[in-house]
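Throughout, protein chains are lettered first and strands after them, A, B, ... in sequence-line order, and every chain is numbered starting at 1.
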2 protein chains.
Amino acid sequence: MCSVADDRDLTAKANIRNAALRLFAERGHDAVTVREIAAAAGVSPGLVVHHFGSKEGLRAAVDAYAAQAFDSLFAMDGQDLASAMTGDNWGSVAEMLVRAFPHGSPLPAYLRRLFLVNDPAGAALFGRWYALTRRLLDSMTEVGAVRQAEDPAVRAAFFLVNDLALVLLRNQVAAAIGVDPLTPEGVARWAQEVTAVYTKGAFVIAPSEEPS
Amino acid sequence: MCSVADDRDLTAKANIRNAALRLFAERGHDAVTVREIAAAAGVSPGLVVHHFGSKEGLRAAVDAYAAQAFDSLFAMDGQDLASAMTGDNWGSVAEMLVRAFPHGSPLPAYLRRLFLVNDPAGAALFGRWYALTRRLLDSMTEVGAVRQAEDPAVRAAFFLVNDLALVLLRNQVAAAIGVDPLTPEGVARWAQEVTAVYTKGAFVIAPSEEPS
DNA sequence: ACAGACGCTGAACGTGCGTATAGCCTCTTA
DNA sequence: TAAGAGGCTATACGCACGTTCAGCGTCTGT
């Protein structure tokens, strides 16, 4: 019964969890061995299973820790919702991540793993964020900050997916445009162009447009 | 010296490669064993290494096969470039994938893995597609089909990344909107809304907009 | 001071992996 | 028909993995 000590994260147990989080994010669960995690945390392999029961238990603990970190973005997003509804800037998941996590944090990469491995935790996270995006867009539509969507479900998915794509393809985007998009400078440059497309559009309407 | 027989893909070697492609796409290279690939192909494990030298050799062969399949999309995109420049519909990577690969093809999932693992092949593919997107947008800008971008490099990355996101988050999007976006029906519904945003925009311009 | 618990280590165990090897069966070629 | 090559299998080997276990030091409560 140690329900008090797990908040104070200065212990070896926390070191193991942090090392595992970083290694899992970098290389994936299967490609990381318990011995590597132990070495990175400066402890023996036996201590890992002593604290977490098994490698799978460690994975669950890391998942829970990351999920808590990501859910803390919800509260922040709740108050961002009001400012976003003014419509004067683009409040995105990527911007939230940049503001919430310091440079070099393994959490964006861990988020990427969650989505790309079809992890149930990732699916649940996507579902919550999708519902949030949908509600946000509905609210903004009522206020008149965004146009009425032809297909609200798809548009909410489109917006969310575009934000997440910046996290998922961070490295490739950085190589393409020369700036890491998950840095303050990078996200600013990204947001400027995205806002332009989202407000003014990009394609010129063709003269032969079908009314349908 | 068997440089003739490797085109005719009815052999056990091709079966092994196809089984490996499917399993690699579904679960990742490391999570799949040579014994599983052999069982899926209906051969013995020894035959895998006999034909491909090692598991890494098999991986390279599968990579080359997939790269060839994806590069074949280039030619198709070359002739799509002309139709896309008319501006009457949204020619995207996702639409190309839907048209090029039958339902249940492992190639979209394999593409997802390529990007997930920071594979050099994935980085190269992204680079080529980015250059293509950039050129396409430049051409369309000259013709007047799209507005002049404030930041052309970022806008090209934004467009490409949005398309790829549909591939990367296919399952999550399917769960959210109720339709697999990589089916003809799904991509049609997706394209309609995306085209609407790309042409008319989504956000209403706020009265207090900073010029700067 | 003593006893129990806890954090932690180092060595060991069993398993499943990728790979090597020896040999079988079936074609082809002369 | 004899001989050789190549597709293919069965078995086994060595290794690295996750996990177990006996035991060490230290800290805490009585």
Side-chain angles (χ1 to χ4, degrees), chain A residues 1-65 110 113 117 119 121, chain B residues 1-66 110 113 117 119:
Chain A
M1 303 297 183
C2 50
S3 61
V4 184
D6 53 1
D7 307 2
R8 330 197 105 231
D9 275 350
L10 299 155
T11 63
K13 185 174 182 178
N15 281 334
I16 294 171
R17 179 179 33 67
N18 291 341
L21 172 64
R22 184 169 298 274
L23 288 171
F24 285 167
E26 286 173 2
R27 318 212 315 256
H29 299 106
D30 295 342
V32 177
T33 69
V34 173
R35 285 169 173 84
E36 283 175 320
I37 297 169
V43 299
S44 73
L47 192 62
V48 175
V49 59
H50 175 254
H51 275 309
F52 297 95
S54 66
K55 188 185 182 183
E56 189 57 33
L58 173 58
R59 191 191 113 97
V62 171
D63 268 1
Y65 179 77
Y110 198 82
R113 294 274 168 194
V117 189
D119 197 298
Chain B
M1 302 297 184
C2 50
S3 60
V4 184
D6 52 1
D7 307 0
R8 329 196 105 232
D9 276 349
L10 300 154
T11 63
K13 185 174 182 180
N15 281 334
I16 295 172
R17 179 182 27 71
N18 291 340
L21 173 63
R22 182 169 301 273
L23 288 170
F24 285 167
E26 286 173 2
R27 316 207 322 252
H29 300 106
D30 296 342
V32 177
T33 69
V34 172
R35 286 167 174 82
E36 284 175 321
I37 297 168
V43 299
S44 75
L47 192 62
V48 175
V49 58
H50 175 255
H51 275 309
F52 296 96
S54 67
K55 188 185 183 183
E56 189 57 33
L58 174 57
R59 192 192 112 97
V62 171
D63 268 2
Y65 180 76
Y110 198 81
R113 292 277 168 192
V117 192
D119 198 298

In whole angstroms, the gap separating C1' of C:dC8 from CD1 of A:Ile37 amounts to 17 Å
Sugar-phosphate, base or nothing in reach of A:Val32, heavy atoms under 4.0 Å
sugar-phosphate
Are any side-chain N or O atoms of A:Arg59 and backbone N or O atoms of A:Ser54, one a donor and one an acceptor, separated by less than 3.5 Å?
no
Minimal heavy-atom distance between B:Tyr110 and B:Ala25, with the atoms involved, is N-CB, 3.5 Å
Whole-Å distance, A:Glu36 CD to D:dC17 P, equals 7 Å
Testing C:dG18, D:dC8, C:dC8 for proximity to the side chain of A:Leu47, the answer is C:dC8
B:His51 atom NE2 is separated from C:dA20 atom C1', nearest whole Å, by 17 Å
Between B:Arg35 and B:Ala12, the residue closer to the 5' end of DNA chain D by nearest nucleotide is B:Ala12
Worksheet entry | Pair A:Arg27 + B:Asp30, salt bridge at N-O below 4.0 Å | no
When rounded to whole Å, the NZ to P distance for the pair B:Lys13 and D:dG6 reads 13 Å
Rounded to whole Å, the CD-P distance (A:Glu56 to D:dC17) equals 18 Å
Smallest heavy-atom separation, B:Ala12 atom then B:Val43 atom, equals CB-CG1, 4.3 Å
Report task. Quick one: label B:Thr33 by what it contacts on the DNA or RNA (base, sugar-phosphate, nothing), any heavy atom closer than 4.0 Å. Result -> sugar-phosphate
Here the distance between atom C1' of C:dG7 and atom CZ of A:Phe52, to the nearest Å, is 13 Å
For A:Lys55 and A:Val32 the tightest heavy-atom approach is NZ-O, 2.6 Å
Rounded to whole Å, the CG-P distance (A:Leu23 to D:dC17) equals 13 Å
Among D:dT19, C:dT9, D:dT9, the one nearest any side-chain atom of A:Ser44 is C:dT9
Rounded to whole Å, the NZ-P distance (A:Lys55 to D:dT19) equals 8 Å
(Q) Looking at D:dT9, I'd like to know if its phosphate oxygens (OP1 or OP2) sit under 4.0 Å from a side-chain N or O belonging to B:His50. (A) no
